[in-house]
**Q** 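The structure follows.
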Protein chains: 2
Amino acid sequence: MPTSRSYQDLCGIARALDVVGERWALLIVRELLFGPQRFSELRRVLANTSSNVIADRLRELEANGVIQRRQLSAPAASWVYELTPWGRQLEPVLLTLGLWGLQSPLPPEPAVIGPTTVLLYLRSRAHPDPTEFPAVVRIELDGQSWTALIHDGQLEIQVGETAKPDGSIRTDPKTFRELIGAPSQLQTAICVGAVGVDGDQKVIRRLLEQVVPADQISSERT
Amino acid sequence: MPTSRSYQDLCGIARALDVVGERWALLIVRELLFGPQRFSELRRVLANTSSNVIADRLRELEANGVIQRRQLSAPAASWVYELTPWGRQLEPVLLTLGLWGLQSPLPPEPAVIGPTTVLLYLRSRAHPDPTEFPAVVRIELDGQSWTALIHDGQLEIQVGETAKPDGSIRTDPKTFRELIGAPSQLQTAICVGAVGVDGDQKVIRRLLEQVVPADQISSERT
DNA sequence: CCGCATCCGTTTCGATACTG
DNA sequence: CAGTATCGAAACGGATGCGG
């Protein structure tokens, strides 16, 4: 008689998989890396799964101490899910795993690309030149906002509008992904209407230019 | 209509999980980190699953380019499974994931601890003092042999007997795990019969002593 | 004995519908 | 908006079979 679905293995790898190895679990963690999200937002961005699976995972991840539910302040009266300190320690794991996964063949179409994915990519590849910043950029993708804080050679990203931005960019994840590493297309994208920019356009462009040479999302194996 | 079980997400994390996200897949990769293994050996050490699941995973991992089958030389006429170069790149991912997982609560009893687990632990925590080595140590756990090559402040581990050892130790994973970081117990363990040692006993002891202070397998979260 | 394949009961997943 | 309920399909887990 099996004791639930634990691997019952003292190995740290197996114990990690006991906690975050179920289907969709790590993608939920990914979505929470930049800050708390509500149920409907998770559901929207993880569109390939169903609501009961998300609910199950959230329950399990909370029971295992990876995430926690939190009640929003007064008027909203709604709940958000956020990583615990332990859950936040998954970030380096996800970054190296994601880097490894980029060498895999592309998934079958139609494939999605979400806001968190491109923002993770931006953050992991951007090495802001300290002499050109600090700056605050608002990034709106698929109708949700993030704030990018660029200072001291760091690029920090948080959900929501947590600071007054010097400039804003509004587009979709796919277009934003194409703009990263090809910042020269920014002007064109604006004219075409694929991108909207407010405030200081130069700071947007400078942000996009801080990304290392960057191969495209690739299907090659080395 | 779902296209198989792909996440259909261009994110590297999701693409990695498309490849190694199925149950038991990463534990199979773990078992191959130190070199090729045969089916029956995988089955023996991953005792909590059934043979068909292992066979399925091996097929999928091979199809996805993570592992490859190889025919052993003449007399054996048997097959082994080994990581491809791409598969070997999972090692840092597994190490950080395993480190994270050690902070989880212990799995329900009865829990196993396999040879690869303790050897991974040894290798990730040992920082050999270059002045005390080089040396070659044969480690036999649960009847299978590994060779530890200690040189230039590195500890390299391979399956099988790949070099002539200065000393050999023979025990079970649990005892070996307890000995790591508590090398003073070596003499006692030998007398009790829990450990067998051949050749230079001092080199065994010196190897065990190269592990950093090392908390026990812990259930604490930081 | 090794390397699986087949069968079968149980659990999980995925899609849709439904409720407070 | 934030989930729960239901149900068929797929995957898992255990046992057994079977050719080399």
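Lettering of chains follows the sequences in order, A, B, ..., and the numbering in each one begins at 1. Just so we're clear, the structure is a prediction, and the values are computed from it rather than from any experiment.
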**Q** Give the rounded distance in Å between these two atoms: CZ of A:R44 and C1' of D:dG3.
**A**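 Nearest whole value for this atom pair: 17 Å.
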**Q** Taking atom types as modelled, is there a side-chain donor on A:Q37 or A:E82 under 3.5 Å from an acceptor on the other?
**A**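 No.
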**Q** Looking at B:R15 and B:D18, is any side-chain nitrogen of the basic one under 4.0 Å from a carboxylate oxygen of the acidic one?
**A**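 Judged by the 4.0 Å cut-off on N to carboxylate O distance, B:D18 and B:R15 do not form a salt bridge.
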**Q** Nearest whole Å is fine: how far is C:dC4 P from B:L61 CG?
**A**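 Rounding to the nearest Å, CG of B:L61 and P of C:dC4 are 14 Å apart.
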**Q** Write down the distance between CD1 (B:I54) and C1' (D:dG14), rounded to a whole number of angstrom.
**A**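 Result: 13 Å.
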**Q** Given C:dA5, is OP1 or OP2 found less than 4.0 Å from the side-chain N or O atoms of B:R59?
**A**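 For C:dA5, OP1 or OP2 has a side-chain N or O of B:R59 closer than 4.0 Å.
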**Q** Are OP1 or OP2 of D:dA15 and a side-chain N or O of B:S50 less than 4.0 angstrom apart?
**A**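 Checking B:S50 against D:dA15: no side-chain N or O falls below 4.0 Å of OP1 or OP2.
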**Q** Students often get this wrong, so: under 4.0 angstrom with heavy atoms, is A:R38 touching a base, only sugar-phosphate, or nothing?
**A**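 Sugar-phosphate contact only - A:R38 comes under 4.0 Å of backbone atoms but never of a base.
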**Q** Can you tell me the distance, in whole Å, between the CG atom of B:L58 and the P atom of C:dA5?
**A**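 Whole-Å distance recorded here is 11 Å.
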**Q** For B:T116 and B:E31, does a side-chain donor sit closer than 3.5 Å to a side-chain acceptor?
**A**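 The answer is yes; a qualifying pair exists.
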**Q** OP1 or OP2 of D:dA2 versus the side-chain N and O atoms of A:S40: is any pair under 4.0 Å?
**A**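 So the side chain of A:S40 is within the cut-off, an N or O lying under 4.0 Å from OP1 or OP2 of D:dA2.
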**Q** Among D:dG13, C:dC13, D:dA2, find the nucleotide with the atom closest to the side chain of B:W24.
**A**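 In terms of side-chain proximity for B:W24, the closest of D:dG13, C:dC13, D:dA2 is D:dG13.
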**Q** Nearest whole angstrom, please: distance from the P of C:dC4 to the CG of B:L46.
**A**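 The answer, rounded to whole Å, is 15 Å.
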**Q** Side chain of B:A55, heavy atoms from C-beta onward: which of C:dC4, C:dT12, D:dG3 has the nearest atom to it?
**A**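 The answer is C:dC4, which lies nearest to the side chain.
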**Q** Please check if the number of heavy atoms outside A:Q154 that lie under 6.0 Å from its CD is greater than 12.
**A**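 It does not: A:Q154 CD has 12 such atoms or fewer within range.
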**Q** Hey, does the side chain of A:R57 come within less than 4.0 Å of D:dG3's phosphate (OP1/OP2), counting only N and O?
**A**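 For D:dG3, OP1/OP2 do not have a side-chain N/O of A:R57 under 4.0 Å.
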**Q** Closest nucleotide of DNA chain D for A:Y81 versus for B:N48: which of these residues is on the 5' side?
**A**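 The residue mapped nearer the 5' terminus is A:Y81.
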**Q** Using a cut-off of strictly less than 4.0 Å, decide whether A:R43 has a side-chain nitrogen or oxygen near OP1 or OP2 of D:dC1.
**A**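 No, A:R43 has no side-chain N/O under 4.0 Å of OP1/OP2 on D:dC1.
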**Q** Which nucleotide in the set C:dC2, C:dG14, D:dA15 lies at the smallest distance from any side-chain heavy atom of B:S51?
**A**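 Looking only at side-chain atoms, B:S51 lies closest to D:dA15.
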**Q** Between P on D:dA11 and CZ on A:R5, what's the gap in Å once rounded to a whole number?
**A**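 Taking atom P of D:dA11 as the reference, CZ of A:R5 is at 12 Å.
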**Q** Kindly point out which of C:dG3, C:dA15, D:dG3 is positioned nearest to the side chain of A:N52?
**A**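 Ranking C:dG3, C:dA15, D:dG3 by closest atom to the A:N52 side chain puts C:dA15 first.
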**Q** Given atom OH of B:Y7 and atom P of C:dG14, what is their separation to the nearest angstrom?
**A**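 That distance rounds to 7 Å.
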**Q** Nearest to the side chain of B:R23 - C:dT12, D:dG13, D:dG3?
**A**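 Out of C:dT12, D:dG13, D:dG3, the nucleotide with an atom closest to B:R23's side chain is D:dG13.
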**Q** For A:Q8 and B:E109, which I'm curious about, is there any donor-acceptor pair between the side chains at under 3.5 Å?
**A**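 No pair is found: no donor N or O on one side chain lies under 3.5 Å from an acceptor on the other.
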**Q** Between C:dG3 atom C1' and B:F39 atom CZ, what is the distance in whole Å?
**A**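 Atom-to-atom, B:F39 to C:dG3, this comes out as 6 Å.
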**Q** For the pair B:D9 and A:R30, find out whether any cationic side-chain nitrogen is under 4.0 Å from an anionic carboxylate oxygen.
**A**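 Salt bridge: yes.
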**Q** Nearest to the A:W79 side chain among D:dG3, D:dT4, D:dG13, which nucleotide is it?
**A**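 For A:W79, the side-chain atoms sit closest to D:dG3.
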**Q** Does A:D56 reach a base, just sugar-phosphate, or nothing at all? Heavy atoms under 4.0 Å.
**A**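 Result for A:D56 = nothing.
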